[in-house]
Amino acid sequence: MLKTYFSDVKFNRCITSQLIKWFSNFREFYYIQMEKYARQAINDGVTSTEELSITRDCELYRALNMHYNKANDFEQVPERFLEVAQITLREFFNAIIAGKDVDPSWKKAIYKVICKLDSEVPEIFKSPNCLQELLHE
DNA sequence: TCCGTTCCTG
DNA sequence: CAGGAACGGA
């Protein structure tokens with residue numbers, strides 16, 4: 001589907017992997033931020049996940065929005081994104097608190113949980129003219 | 001064996 | 001971000 005946005009590109013195996021790599025970096029960034037803020041919360045004395053919530057004005061949200069939505073093309077970030085982000089943050093928090101980060105592959109358990117929460121691609125993105133449509137909203 | 005993802009690095 | 005190694009699932 002991503003390929004349809006680059007109609008002027010002829011995708012061979014290499015070019016395709018580059019495209020995939022590019023988008024994989026987005027997910028990677030997401031997890032890096034989650035771990036970073038989970039550790040920061042712990043250093044700040046947070047002891048319970050109940051104290052960890054992701055709102056539209058929190059620092060973590062701003063960091064993510066600045067990365068994925070710099071120009072604020074999407075004024076209404078899906079509520080579901082906030083929910084999943086909070087679950088992810090708490091997942092990292094609990095794992096670190098439990099000292100699971102001593103295991104080299106401690107993040108895998110978290111990834112396994114979070115990937116199941118991935119949302120379907122919104123219909124609007126499936127349109128070749130989605131860029132125009134989004135900007136006109 | 002191929003492909004998508006993560007880790008590490010620059 | 002991109003490049004490359006490693007890994008794991010299909």
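Below, read A as the first sequence line, B as the second, and so on, with proteins coming before strands; counting in each chain starts at 1.
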Interatomic distance where CG belongs to Asp118(A) and P belongs to dG4(B) [whole Å]
15 Å
Check each residue of residues 88-103 of chain A for a non-hydrogen atom within less than 4.0 Å of any atom in DNA chain C, then write out the ones that pass by number, or none.
none
What's the CZ-P distance between Phe11(A) and dC3(B), to the nearest Å?
15 Å
For the CZ atom on Arg13(A), are there more than 12 heavy atoms of other groups (residues, nucleotides or ligands in this structure) within a distance under 6.0 Å?
no
Quick one: what's the B/S/- string for nucleotides 1-10 of chain C, heavy-atom cutoff under 4.0 Å, read 5' to 3'?
SBBB--SS--
So ring pair (Phe, Tyr, Trp, His ring centres under 6.0 Å) across residues 81-100 of chain A, not counting sequence neighbours, yields Phe92(A)-Trp106(A)
Can you name the side-chain hydrogen bond (donor to acceptor under 3.5 Å, both in side chains) partners of Glu35(A), sequence neighbours left out?
Arg39(A), Lys107(A)
Residues that Asp118(A) engages under salt bridge (charged side-chain N to carboxylate O under 4.0 Å, His left out), provided they are two or more places apart:
Arg27(A)
Please round to the nearest 0.5 Å and tell me the distance separating atom CG of Leu82(A) and atom CG of Leu89(A).
12.0 Å
Calculate the interatomic distance between Ile114(A) atom CD1 and dG4(B) atom P; express it in whole Å.
22 Å
Starting at NZ of Lys107(A) and ending at P of dC8(B), how long is that distance when rounded to a whole Å?
7 Å
Whole-Å distance, Ile32(A) CD1 to dT9(B) P, equals 12 Å
Given the options Phe29(A), Tyr61(A), Tyr30(A), His67(A) meets ring-ring contact (aromatic ring centres under 6.0 Å, His included) only with Phe29(A)
Nearest-angstrom distance from the residue atom CH2 of Trp106(A) to P of dT6(B)
14 Å
In this structure, how many angstroms lie between the P atom of dG4(B) and the CG atom of Leu2(A), rounded?
11 Å
So, is Tyr30(A) close to the dT6(B) phosphate, meaning a side-chain N or O under 4.0 Å from OP1 or OP2?
no
Sorted by chain and residue number, the salt bridge (charged side-chain N to carboxylate O under 4.0 Å, His left out) partners of Arg80(A) (sequence neighbours excluded) come out as Glu83(A)
Using ring centroids (six-membered ring only for Trp), state whether Phe26(A) and Phe23(A) fall under 6.0 Å.
yes
Touch class at under 4.0 angstrom, heavy-atom based, for Phe29(A) against every strand present
nothing
Quick one: are the ring centres of Tyr31(A) and Tyr111(A) less than 6.0 Å apart?
yes
